[in-house]
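Naming: A, B, ... by sequence-line order, numbering from 1 per chain.
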2 protein chains.
Amino acid sequence: MKLSSKSRYAVMALTDLAKFNTKDPVTLRDISLRQGISLVYLEQLFLKLKKNNIVKSIRGKKGGYILNKKASEVKISDILLAVDEKIKTIGCKKNSKEGCNGRSSKCITHDFWEELEDHICDFFKKKKLEDLINQTRFN
Amino acid sequence: MKLSSKSRYAVMALTDLAKFNTKDPVTLRDISLRQGISLVYLEQLFLKLKKNNIVKSIRGKKGGYILNKKASEVKISDILLAVDEKIKTIGCKKNSKEGCNGRSSKCITHDFWEELEDHICDFFKKKKLEDLINQTRFN
DNA sequence: TATATACCCGACTATTTTAGTCAAGTTTAA
DNA sequence: TTAAACTTGACTAAAATAGTCGGGTATATA
């Protein structure tokens, strides 16, 4: 059970962005250097974050990215959703008639996994980007 | 973020075992048939569960497996540990001096991921095998 | 209006992990 | 004696992951 580095990078990058999002847009190049994440990989991530209205891009010289909302309004779950992180502990389809393993209508531990899923999702929904900004000392 | 089917199967199989663990040992063949898990795969899992003192095996004809403790004393976290499920949300080493990405001593979101890890582990530590037995109707 | 800076996008690939099989045993109750 | 059941290591196909590569497009500034 692990989180993909896609998600880890997305949260790291946005935390960095939120920290430096004072007035001028922040360039991916800067985030890349500060956080040690490949620039090309960041581009992929920010494309998705933009499509999901988490950031706005400003093109041209002096361009870069800014947050689309206040850091206090960005849920971590929004970020994970944007980069396609799936919180799926089970193969069972939630409201499927054919059931979890194609045999019984529900596998014997179905409810347990669903509970786990909710437990994790709750955590991500409660946490806001703002909560992360001042949590750790910066480099 | 997903749980391996190794873990899912281990929990399913043990829940099944706990349900049928009345007097006689339960054979893997029966668990395999009831739960739709490959017999050979179950053998692999129960080897690990046995090494970790979660089950005991009884050899020979009429043999099979029984729980080594009461179902109320088996934590789900014990099971996951036994089959090598890693709850690692981050690459960061917990008490390493070199730090998470080989650069800074701690990555910017380190504390957040650690909190998530604890959140998930707590869930698994609180849940006992017994809690699962009567949760879902059986097939 | 030239151009450097920065974003945009699809295709591709090496590596790792996962899920599961295969084959060949050993043990023991009946 | 033998069938049922556990034991073990090696192997493999498929999927997911973490990125790279190459070639764009948009626009602020000089």
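- Within the structure, every side-chain polar atom (N or O) of B:Tyr9 is placed at least 4.0 Å from both OP1 and OP2 of C:dA19.
- Residue A:Ser57 places at least one side-chain N or O under 4.0 Å from the OP1 or OP2 atom of C:dC8.
- In this structure, B:Leu33 atom CG and D:dA5 atom C1' are separated by 14 Å, rounded to whole Å.
- With side-chain heavy atoms closer than 4.5 Å counting as contact, directly or through intermediates, B:Leu81 stands alone and belongs to no larger hydrophobic cluster.
- Membership of an apolar cluster is not assigned to A:Val40, as no side-chain contact below 4.5 Å to another ILVMFWY residue is traced.
- In this structure, A:Glu73 has no side chain to side chain donor-acceptor pair (under 3.5 Å) partners at least two apart in sequence or on a different chain.
- In this view, B:Thr15 satisfies the side chain to side chain donor-acceptor pair (under 3.5 Å) rule with no residue, not counting sequence neighbours.
- Atom CG of A:Leu47 and atom C1' of D:dG19 are 16 Å apart (whole Å).
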Per-nt protein contacts along nucleotides 21-30 of chain C (heavy atom under 4.0 Å; B base, S backbone sugar-phosphate only, - none) come out as BB---BSBS-

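- When the P atom of D:dA5 is taken as reference, atom CG of B:Asp30 falls 8 Å away, rounded to whole Å.
- The interatomic distance linking A:Ile66 (CD1) with C:dA6 (C1') rounds to 15 Å, in whole Å.
- Under the side chain to side chain donor-acceptor pair (under 3.5 Å) criterion, B:Asn53 pairs with no residue at all, not counting sequence neighbours.
- Considering only residues two or more places apart in sequence or on other chains, A:Lys6 meets the side chain to side chain donor-acceptor pair (under 3.5 Å) condition with none of them.
- Residues satisfying the ring pair (Phe, Tyr, Trp, His ring centres under 6.0 Å) test with B:Phe123, not counting sequence neighbours, are A:Phe112, A:His119.
- One atom, NZ of A:Lys50, and another, C1' of D:dT25, lie 11 Å apart when rounded to the nearest Å.
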Which atoms of nucleotides 14-17 of chain C (N or O only) lie under 3.5 Å from a protein N or O atom, and what are those distances?
none

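- Using a 4.0 Å heavy-atom distance criterion, A:Tyr65 is classed as a sugar-phosphate-only contact.
- Among all heavy-atom pairs drawn from A:Ile31 and A:Phe46, the shortest one is CD1-CZ, 4.0 Å.
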